[in-house]
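Reviewing the structure listed below.
First the proteins, then the strands, lettered A, B, ... as listed; each starts at 1. Everything numeric in this text was worked out from a predicted model, so none of it was measured.
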Amino acid sequence: MINITLPDGQVKSGLVGVTPAEVARGISNSLARRALAARVAGRVVDLSAPLNEDASLAILTFEDKDGRQVFRHSSAHLLAAAVQRLFPGTLFAIGPAIEDGFYYDFGAKRPFTPEDLAAIKEEMQRLAKADLPFERGEITRDEALERFAGQTYKEELIRGLAEDATISTYRLGDFVDLCAGPHVPSSGYLRAFELTSVAGAYWRGDERNPMLQRVYGTAYPDQKQLEEHLRRIEEARKRDHRRLGQELDLFSIQDEAPGFPFFHPKGMVLRNELEQFWREEHRRAGYQEIRTPLIMNRSLWERSGHWDHYRENMYFTRIDEIDYAVKPMNCPGAILVYRNRLHSYRELPLRLCEMGLVHRHELSGVLHGLMRVRAFTQDDAHIFMLPSRIRDEVTGVIEMVDRFYSVFGFKYRVELSTRPENSMGSDADWEAATTALAGALEGRGTPYQVNEGDGAFYGPKIDFHLEDCLGRTWQCGTIQLDFQMPEKFDLTYVGEDGQKHRPVMVHRVIFGSIERFIAILTEHFAGAFPAWLAPVQVRVFPITDRQAGYAEKVRSALAEAGVRADADLRNEKVNYKVREAQKAHIPYMLVTGDREVAAGTVAVRHRTRGDLGAVDLTEFIGTIREEIASRKTDAV
RNA sequence: GCCGACGUAGCUCAACGGUAGAGCAGCUGAUUUGUAAUCAGCAGGUUGCCGGUUCGAAUCCGGCCGUCGGCUCCA
């Protein structure tokens, strides 16, 4: 007999060799039905894997992350099995579970077409219906090499395995795959799936390797959940900032300037509002704003290290036979400002902020609306300070980031990235810098996750990933500590002792890039920006031409009060004007008919709260000004 | 950059070897309207660009430009 400890602490005894499937049946029928795999002593295994000694056991269902992974991974095998039947001779690479589904990479004779995908899906459905078991086998390295002879990618994978590794295979019908597993018991478990796209992907993600055909899919335990997932994708598509940017006339990207966005009047309102908010907050937090040139001499970039570490992404130009570079970062400019005169320890920390327009060459294939561009504006700041002040300063920045994101209603996650390979500086400096950042986070009790080797070439960093209303995360804010630049540029301050000392520098952004932040806001709010950001805050419309004069008076009273208002005086029905204003997500519509003219009121309609009835004009102006000034977001 | 798909009126799309069509938007007129589309008329395109095949090309072929999806998830 062995003892099996369940997650709730309950201990069950069972015979040696009892399987998780049997244990699940002993607990409840419904659990047994939903069971996909099991976690035994921390390892995820098949439901049929026998238990031979005392262990902890958790039955995994689709509700568990690991259970989902197993489910999707099995779906990838089903996909591969179908491909093997329809396209004999295909080479198989890897087929893992991913965030919302799975993929499988194939070395196919020709690219798959959408028609192929439809046929593959049908074959998958047939194989699922046949309810074929997933059968595990264990073989030696030599047997594996023999079995997968000619499957070049599998051979490469086998050779990459440790000498003493257990090599397992899983069979599904005629398809046998090299696979660590585990898997669901049989293909009948895979009831609801969809193949979503096909794309080229390099073997092992390296562009020097052959290009494979990657088929993406998603899978759920039932049709309802699958449909819900597809609906979420459709919702994300509707919110796509490129689509809304066009519909709401915020910005455009033209063939004449790929990756370099054009901001239209309405998009500029967003930008300017964000910048104004940013300036208010920075002034309050003791920052001073600067502006540095877009183009600076090549020697500056050589000195900063960008020439060696960042040249690939930079643009160059020549002026009077001399080489210049277009700035990809703002720090060297800020450093020149600092170096322009002597600084006393008394004026530190010196916080210089800059809405800096940077240009970076990105591969043409990765450009994406405002999210990935070749020119963008960083809401940058460089803080020069005494080494002893690092923790306090970083804490201050973290608090500022928290304040910014909360205004928009974003939740966020924090990551700490450590020293990468291609980096400058001594181990001791890196160690000290990394410790200081971690200390600031811990001092505030901010939970964070460590990303080994993901820092910038000049120092470690803290990244802020904010989460939008669809649960997607975006890296926006970052705080980077830098001991290298002050050294390279021989920055100094005069200390209490009258001697020169080396300051420490922090680079940081909060929005990250204004362009990208606007894209994120657009998708987060689905174009319905809070009143303080809305390009048009109020639209006034008369019911008939008779009230046009009054409507115009209302409009100008609003404009006078600093509210962005326009008037729709066209000869159209109210329904029509309401519809247009709703589609444009204008927060407030003011209808002015004969009744309102007579009473000196406006009939207020809010885009989500609907008809709010007639209100005195001055009263309305008071409330909306308050809503704007407090930068409220709509209650959702 | 690489692989694949795509590029037709301002927008969304049709026509897929016989010299381009609809809806919306725009303009003009009628209608004077109370909370998500009033009606009618008009106008709008070197079919991304360059070249080729053909009696004839939006359509077929090649090159270029651009857009979209992917190129991090390790049996």
Exercise for review: Let me know, please, whether A:Gly610 or A:Gly95 comes out on the 5' side of the other along RNA chain B by nearest nucleotide.
Suggested key: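 Result of the comparison: A:Gly610.
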Review point. Taking for each residue the nucleotide of RNA chain B bearing the nearest heavy atom, is the 5' side occupied by A:His361 or by A:Asp545?
Key: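 Here A:His361 is the residue nearer the 5' end.
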Check your understanding: Is the backbone of A:Ile167 close enough, under 3.5 Å, to the side chain of A:Glu138 for a donor and an acceptor to pair up by distance?
Key ->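 No, because the side chain of A:Glu138 does not come within donor-acceptor range (under 3.5 Å) of the backbone of A:Ile167.
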Got a second to check how far [X]'s [atom1] is from [Y]'s [atom2], nearest 0.5 Å?
X        : Y        : atom1 : atom2 : answer
A:Phe251 : A:Phe262 : CZ    : CZ    : 12.5 Å
A:Ile94  : A:Leu157 : CD1   : CG    : 7.5 Å
A:Leu172 : A:His77  : CG    : NE2   : 8.5 Å
A:Ile621 : A:Asp616 : CD1   : CG    : 9.0 Å

Atom [atom1] of [X] to atom [atom2] of [N]: distance rounded to whole Å?
X        : N      : atom1 : atom2 : result
A:Arg372 : B:rG1  : CZ    : P     : 14 Å
A:Arg605 : B:rA36 : CZ    : P     : 5 Å
A:Phe102 : B:rG70 : CZ    : P     : 16 Å
A:Leu157 : B:rC73 : CG    : P     : 12 Å
A:Asp105 : B:rC74 : CG    : C1'   : 10 Å
A:Phe112 : B:rC3  : CZ    : P     : 18 Å
A:Leu212 : B:rU72 : CG    : P     : 11 Å
A:Lys583 : B:rU12 : NZ    : P     : 13 Å

Distance, [atom1] atom - from [M] to [N], rounded to whole angstrom:
N      : M      : atom1 : result
B:rC61 : B:rG7  : P     : 13 Å
B:rA22 : B:rC42 : P     : 11 Å
B:rG29 : B:rU12 : C1'   : 28 Å
B:rA57 : B:rC39 : C1'   : 41 Å
B:rC27 : B:rA5  : C1'   : 37 Å
B:rG70 : B:rA15 : C1'   : 31 Å
B:rU46 : B:rG34 : P     : 43 Å
B:rU38 : B:rU32 : P     : 15 Å

Shortest side-chain distance from [X], nucleotide among [options]:
X        : options                : value
A:Glu596 : B:rC74, B:rA37, B:rG34 : B:rG34
A:Arg570 : B:rC11, B:rG26, B:rU32 : B:rG26
A:Ile98  : B:rA37, B:rC73, B:rU35 : B:rC73
A:Asp611 : B:rU38, B:rU35, B:rU32 : B:rU35
A:Arg579 : B:rU35, B:rG26, B:rA36 : B:rA36
A:Met211 : B:rG1, B:rC3, B:rA25   : B:rC3

Checking base pairs now: Watson-Crick or wobble, both atom distances under 3.5 Å. What partners [N]?
N      : value
B:rU72 : none
B:rU59 : none
B:rC13 : B:rG21
B:rC27 : B:rG41
B:rC6  : B:rG66

Within the 4.0 Å heavy-atom criterion, would you say [X] contacts the bases, only the backbone, or no part of the nucleic acid?
X        : result
A:Arg204 : base
A:Lys577 : nothing
A:Val198 : nothing
A:Asp594 : base
A:Ala603 : base
A:Glu247 : nothing
A:Ser168 : base

Between the protein and nucleotides 64-67 of chain B, which nitrogen or oxygen pairs come in under 3.5 angstrom?
| unit_1 | atom_1 | unit_2 | atom_2 | d |
| --- | --- | --- | --- | --- |
| B:rG66 | O2' | A:Asp255 | OD1 | 2.6 |

[X] side-chain N/O to [N] phosphate OP1/OP2 under 4.0 Å:
X        : N      : value
A:Tyr103 : B:rG69 : no
A:Asn575 : B:rA36 : yes
A:Arg243 : B:rC11 : no
A:Tyr216 : B:rG4  : no
A:Arg214 : B:rC74 : no
A:His368 : B:rG69 : yes

Strictly below 4.0 Å, N to O, side chains only: are [X] and [Y] in salt-bridge contact?
X        : Y        : value
A:Arg546 : A:Asp594 : yes
A:Arg555 : A:Glu552 : yes
A:Arg204 : A:Glu156 : yes

Review point. Does the ring centre of A:Tyr216 sit less than 6.0 Å away from the ring centre of A:Phe102?
Key: no
Review point. In a check of side-chain hydrogen bond (donor to acceptor under 3.5 Å, both in side chains) between A:Arg242 and each of A:Glu247, A:Glu523, A:His368, which one passes?
Key: A:His368
Exercise for review: Could you verify whether a donor N or O on one side chain and an acceptor N or O on the other, from A:Glu452 and A:Thr418, lie under 3.5 Å apart?
Suggested key: yes
Exercise for review: Report yes if a donor N or O on one partner sits less than 3.5 Å from an acceptor N or O on the other, where the partners are the side chain of A:Tyr202 and the base of B:rG1; otherwise report no.
Suggested key: yes
Point to revise | Pair of N/O donor and acceptor under 3.5 Å linking B:rG34 base with A:Gln547 side chain | key: no
